[in-house]
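Input: a single structure, listed below in structure tokens.
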Amino acid sequence: MKEELYCYLRVSSQSQVDEGHSIENQRFLGKRISKQFKMKYVEMNEGGLSSMKETRPKFEELKLGIRSGRIK
């Protein structure tokens, strides 16, 4: 089984999008890197969810996966 590359995608402002940090660009880079290292691309997309929100489900899932050892 291939190793997995978990890519957490999120933007919190229009200025990030204007500066080239759009979700689409993050996805493109994550897929390119996963292909380069022959890893399976796993997307964790929060979209435009602000970091000021009390909960960010994908971010919490990512942290839990790291703590449990499921995600390196």
Beyond-backbone contact of N45 with Q26, side-chain heavy atoms, under 4.5 angstrom: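 SC-SC contact between N45 and Q26 ruled out.
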K58 side chain near Y6 side chain, heavy-atom distance below 4.5 Å: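 They are not in side-chain contact.
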Stepwise side-chain contact (heavy atoms from CB on, under 4.5 Å) test for Y8 and K63: CA-CA 11 Å; Y8 179 72; K63 290 191 313 185; over 6 Å; no
Linked, directly or transitively: F59 and I71 (ILVMFWY side chains, under 4.5 Å):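 Same cluster.
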E24: partners by salt bridge (charged side-chain N to carboxylate O under 4.0 Å, His left out), with sequence neighbours left out: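 So E24 forms no salt bridge (charged side-chain N to carboxylate O under 4.0 Å, His left out) with any residue.
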Sequence-distant partners of K31, salt bridge (charged side-chain N to carboxylate O under 4.0 Å, His left out), two or more places apart: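 For K31 there are no salt bridge (charged side-chain N to carboxylate O under 4.0 Å, His left out) partners, ignoring immediate neighbours.
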Which atom of [X] lies closest to which atom of [Y], heavy atoms considered:
X	Y	result
G30	C7	CA-SG, 3.8 Å
K2	M39	CD-C, 4.2 Å
E4	V42	CB-CG2, 3.9 Å
Y41	S34	CB-OG, 3.5 Å

More than 12 heavy atoms from other groups under 6.0 Å of CD on Q36: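 Yes, CD of Q36 has more than 12 neighbouring heavy atoms, counting only those of other groups under 6.0 Å.
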Distance in Å, R70 CZ paired with L62 CG, rounded so as to fall on 0.5 Å steps: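 The CG atom of L62 is 8.5 Å from CZ of R70, to the nearest 0.5 Å.
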Inter-residue atom distance L9.CG - E43.CD, 0.5 Å rounding: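 Between L9 CG and E43 CD, I get 4.5 Å after rounding to 0.5 Å.
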Donor-acceptor pair, side chain of E46 and main chain of R10, under 3.5 angstrom: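 It does not hold such a pair.
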Partner residues of K35 under the side-chain hydrogen bond (donor to acceptor under 3.5 Å, both in side chains) criterion, sequence neighbours left out: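 K35: no side-chain hydrogen bond (donor to acceptor under 3.5 Å, both in side chains) contacts found.
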